[in-house]
Amino acid sequence: MRASLDPIQTLHEEPADAEVVSHRLMLRAGFVRKVAGGIYSYLPMAIRSLRKVERIVREEMDRAGALEVLLPALQPSDLWEKTGRWQEYGPELFRVSDRHERPFALGPTHEEVITDLISQTVRSYRQLPVLVYQIQTKFRDERRPRFGILRGREFIMKDAYSFSASEEDARRIYAVMQETYARIFTRMGLDCRMVEADSGLIGGNHSHEFMVLAQSGEDTVLLCEKCSWASNVEKAPEARLCPACGEPVVSRTAIEVGHVFYLGHKYSSRMEATFLDAAGKEVPFFMGCYGIGVSRLLAAAIEQSHDEQGMIWPMSIAPFRATVLPLGPGMMERAETGQVVSALEEIWPGEIYVDDREIRPGMKFQDADLRGFPYQVILGERNVEKGCGEVKIRRTGERIVASLPEIPALLHRRAATESPEA
RNA sequence: CGGGGCGUAGCGCAGCCCGGUAGCGCACUCCCUUGGGGUGGGAGUGGUCGAAGGUUCAAAUCCUUUCGCCCCGACCA
C-alpha cells in the first residue's frame, strides 16, 4: 500500500483525553478515532492488524474443531426473559424497541441465542458434542468506558459455545479451549498467563482468564514465583503464599483478553434445552462458553510492546510487515525503488507499506517508528547510488546496510528467526 | 452511580477572576528555502467560544439549566 492513498495523518501532539499508552499511540498513529465515549472508528492501519488477529483466532478455532457461525446482534427480549437475564443483566444491557414497541437487546453475549438454536437443532446425544464460534461486534453499556479500545461500549469479540452430552465431555472441550487460547496468544507474540477466575454474570462455577501482563491493566493477578500457579486477585484475595507450592506470590496488573467458562446446566436448564441421552432420557446440555476480546487484543499488544517512539508490532499482527522509505525528492521515482518494492511484495504480498509522500525524511522515520512496522527499508540517495539500502529492525533499532537485491532475502531470513510464530 | 476535572479552529492550548474588535502553536493552502530524524522564512484559509435560557448598552467571560468528555472508586472480553 502507498501512504499517499491514506488521508489519515499521524498526530504530533499528545491527545488530551487519552491516558493509557495504547490509547495515546492508537490515536497518534491514526489507528482509531473516537466517535463517542467508548465508541471508536477503526481506521485502515487498525483494520489490518485486527484482521490478522481474527485470522489467527479463526485458524486455531477451526483447528480445534469449532464451527463458525454468525448470530444476530439484535435479539428479541423474550429469549432474555427465559434465562432471567433481561432483569439480571441490568443497565449494562442495551435495550431498543422496534416500530411496534417490541423490545430487543443489543447482544452483549450470546448464550441465549445459541442455546435456543442448538436446542431446536440437536435432539440426540448422537449429534453431540457441538462447538460453535463467531467473531462479532458486542454491545455493553459499561458503567464506565475507558482506556480507549480497552473498555468500549461496542467492541469485537470472539465467542464460542460448547454443547456436550456429559460433564466429562464438557470438561474435555474446556481443556481443548484452554490449549487453543494459549496457542492463539502465543502466535500473537503476547506474554499471557492463564489464571483461576471468578465467573461473574456469565455464570457457571469454573472459569479461567487469560491475562496479558501490562502496567495499565484493570485486573490484578497473583503469580507464584516458583511454579505456574496464578490467580485473579478476586478469586484469592488473601493469598500471600502459593497454595500449590507454598512459595511467595507476587501481584501484577493485567489485561483480561480471554475467559473460558464451564457453564454446566446454567442456561440449558433455564431454557429447557435438552436432548435424548443413550437411555432415551431427556437431559439438559452440558455447556461451556469461551470468549476472546478481539479488539481489546490490539490495545493489549501495544501495551505490552512499545517504546518512546511508538508501537512495536509483533510480526504476526503488524499492520504491515515492512515499510519502504524512499528519502528525498525523486527517490520514489527511481527504478531501484520500484524494484525493491516489487521484490519485497514477492516474499510478502500485500504486506509492504510504501511511504511515497513528498515529505521530509525525518517525518517518515517518525511515522514508521510510531506505527511500529517490524522492518523499515530505508532508501537514501547515497546508499542507492552504491546499489545499497538500509534495513532497520524496529524492535532492536539494529541497522543493516545491504545491497538492494539482497534485501528481501535478508528480511525473510530475519523474520524466520525473529518471529517464527508468524 | 458517587468523587474530581474539562468543553474556545482538525489537534494541543491561552483568554474567563476583573464583561467591551477571539488569540497562540501544530496541521492545512500558496511562494521561496531545505532534503538521513517532525528544515527555515514569508503570505493565507479556517471558530454560531458544547447547547439553551437569563442579567447587561454589551457575554467566551457573570447567573441558571442542560448535554458531552476525561480521571479515581464496588465480579468486565
Side-chain angles (χ1 to χ4, degrees), chain A residues 7-20 23-24 27-28 30 33-39 53 57 89-92 108-110 135-160 181 197-203 207 209-212 217-220 232-235 237 254-261 289-300 309-310 325-331 357-370 376 378-384 389-390 392 397 399 401:
Chain A
I8 306 293
Q9 286 182 311
T10 57
L11 274 51
H12 193 184
E13 283 166 304
E14 291 288 342
D17 55 5
E19 199 67 18
V20 300
H23 191 198
R24 285 207 309 267
L27 288 170
R28 278 194 56 208
R33 286 283 170 84
K34 184 171 72 184
V35 174
I39 301 174
V53 171
V57 169
Y89 218 96
E92 214 151 296
T109 179
H110 282 66
I135 294 176
Q136 188 205 40
T137 298
K138 299 289 195 254
F139 301 88
R140 293 185 188 178
D141 197 354
E142 291 283 345
R143 77 166 72 77
R144 185 177 162 206
R146 58 177 161 178
F147 302 153
I149 289 305
L150 275 173
R151 177 170 301 282
R153 293 192 289 174
E154 175 180 318
F155 59 96
I156 300 169
M157 177 170 156
K158 187 282 307 181
D159 49 325
Y181 277 29
D198 248 12
S199 295
L201 254 185
I202 307 288
S207 82
E209 290 166 326
F210 290 78
M211 296 292 204
V212 168
E218 291 183 276
D219 288 270
T220 303
N232 192 312
V233 70
E234 293 164 354
K235 186 79 177 174
I255 299 166
E256 180 187 356
V257 293
H259 202 155
V260 296
F261 301 84
C289 74
Y290 319 92
I292 289 180
V294 172
S295 45
R296 176 181 283 182
L297 274 166
L298 287 189
Q309 317 309 319
L325 310 180
L327 303 183
M331 190 55 64
R357 296 173 299 172
E358 290 178 22
I359 56 174
R360 310 251 330 159
M363 295 178 76
K364 294 192 180 184
F365 294 140
Q366 296 284 343
D367 280 356
D369 286 348
L370 176 62
Q376 299 173 12
I378 301 164
L379 302 178
E381 193 169 6
R382 284 191 290 278
N383 276 326
V384 171
E390 181 180 351
K392 176 179 165 184
R399 294 165 182 276
V401 175

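Values below: every heavy atom of this structure, side chains too, minus hydrogens, waters and symmetry copies. Here is how names work: the chains are called A, B, and so on, in the same order as the sequence lines, proteins then strands, and each is numbered from 1.
- Atom P of B:U33 sits at a distance of 28 Å from the matching atom of B:G46, rounded to the whole Å.
- Using a 4.0 Å heavy-atom distance criterion, A:Gly152 is classed as a base contact.
- In the interface, the side chain of A:Glu13 is paired with the base of B:G25 through a donor and an acceptor atom under 3.5 Å apart.
- Within 4.0 Å (heavy atoms only), A:Ile156 reaches no atom of the nucleic acid at all.
- Separating the C1' atom of B:C62 from that of B:C49 is a span of 16 Å, rounded to the nearest Å.
- If you check B:G19 for Watson-Crick or wobble pairing at under 3.5 angstrom, you find it has no partner at all.
- When the C1' atom is used for both B:G7 and B:U66, the distance is 13 Å, rounded to whole Å.
- Put simply, CD on A:Glu390 is 12 Å from C1' on B:G37, counting in whole angstrom units.
- Between A:Asn232 and A:Glu209, the shortest heavy-atom distance links the atoms ND2-OE1, 2.6 Å.
- In this structure, of B:C69, B:G38, B:A77, it is B:A77 that holds the atom nearest to the side chain of A:Phe261.
- Within the 4.5 Å cutoff, no side-chain heavy atoms of A:Lys364 are placed close to those of A:Ile378.
- Distance from the side chain of A:Met363 is smallest for B:U39 among the nucleotides B:A77, B:U39, B:C13.
- Nucleotides B:A22 and B:U8, compared at atom C1', are 8 Å apart to the nearest Å.
- For A:Ala36, the side-chain atoms get nearest to B:C69 when compared with the rest of B:C72, B:G37, B:C69.
- Under the Watson-Crick or G-U wobble criterion, with both distances below 3.5 Å, B:G46 has no partner in any strand shown.
- Comparing B:A77, B:G37, B:C71 by their nearest atom to the side chain of A:Phe147 picks out B:C71.
- Atom CD of A:Gln366 and atom P of B:C26 are 16 Å apart (whole Å).
- Within the 4.0 angstrom heavy-atom criterion, no nucleotide atom of any strand lies near A:Lys235.
- At the heavy-atom level, A:Arg144 lies under 4.0 Å from base atoms of the strands shown.
- Considering only side-chain N and O atoms, A:Arg360 lies under 4.0 angstrom from the phosphate OP1 or OP2 of B:U39.
- Atom C1' of nucleotide B:G37 and atom CG of A:Leu327 are separated by 10 Å, given to the nearest angstrom.
- Within 4.0 Å (heavy atoms only), A:Gly293 reaches at least one base atom of the nucleic acid.
- For B:C62, the paired base is B:G54 (Watson-Crick or G-U wobble, both distances below 3.5 Å).
- Of the candidate nucleotides B:A77, B:C71, B:C69, B:C69 has the atom lying nearest to any side-chain atom of A:Arg153.
- At least one side-chain nitrogen or oxygen of A:His259 sits closer than 4.0 Å to the OP1 or OP2 atom of B:A77.
- Residue A:Gln9 has a polar side-chain atom (N or O) positioned under 4.0 Å from OP1 or OP2 of B:C28.
- As judged by a 4.0 angstrom heavy-atom cut-off over every strand, A:Met157 is placed among residues touching the sugar-phosphate backbone only.
- When the P atom is used for both B:G2 and B:U55, the distance is 32 Å, rounded to whole Å.
- What separates CD of A:Glu218 from P of B:C75 is a distance of 11 Å, to the nearest Å.
- If you check the side chains of A:Gln366 and A:His12, you find no donor sitting under 3.5 Å from an acceptor.
- The side chain of A:Glu234 lies closest to B:C75, out of B:G12, B:C75, B:G35.
- Here A:Phe155 packs flat against the base of B:A77; its ring centre is closer than 5.5 angstrom to the base's six-membered ring, tilted by less than 30 degrees.
- The distance between atom CG of A:Leu11 and atom P of B:C13, rounded to the nearest whole Å, is 12 Å.
- With C1' as the reference atom, B:G15 and B:G47 are 14 Å apart, rounded to whole Å.
- Using a 4.0 Å heavy-atom cutoff across all strands shown, A:Asp367 reaches at least one base atom of the nucleic acid.
- Here the nucleotide nearest the side chain of A:Arg146, chosen from B:G38, B:C69, B:G73, is B:G73.
- When the nucleotides B:G36, B:C70, B:C26 are ranked by their closest atom to the side chain of A:His12, B:C26 comes out on top.
- In this structure, A:Glu14 places its CD atom 16 Å from C1' of B:G25, rounding to the nearest Å.
- Across every strand in view, B:U39 sits unpaired, with no contact that passes the Watson-Crick or G-U test at under 3.5 angstrom.
- Between the side chain of A:Glu381 and the base of B:G35, no donor-acceptor pair under 3.5 Å is found.
- Residue contacts for A:Lys158: at a heavy-atom cut-off of 4.0 Å it reaches no nucleic acid atom on any strand shown.
- One atom, CD of A:Glu358, and another, P of B:U39, lie 15 Å apart when rounded to the nearest Å.
- B:G20 sits 10 Å from B:U61 when the P atoms are compared, rounded to a whole Å.
- Not a single donor-acceptor pair under 3.5 Å links the side chain of A:Arg153 to the backbone N or O of A:Gly38.
- Between A:Arg143 and A:Arg382, the residue whose closest nucleotide on RNA chain B is further toward the 5' end is A:Arg382.
- Straight-line distance between the C1' atoms of B:C13 and B:A9: roughly 12 Å, to the nearest whole Å.
- Between the CD atom of A:Glu209 and the P atom of B:C75 there is a distance of 13 Å, given to the nearest Å.
- Applying the 6.0 Å contact sphere to CD of A:Gln309 captures more than 12 heavy atoms from other residues, nucleotides or ligands.
- Among the heavy atoms of the strands lying under 4.0 Å from A:Gly380 is at least one base atom, whether or not backbone atoms are also near.
- Shown here, B:C26 forms a base pair with B:G10; the pair counts as Watson-Crick or G-U wobble because both key distances fall under 3.5 Å.
- Contacts of A:Asn232 with the nucleic acid, taken as non-hydrogen atoms under 4.0 Å apart, are absent.
- Here A:Arg399 lies in heavy-atom contact (under 4.0 Å) with a base.
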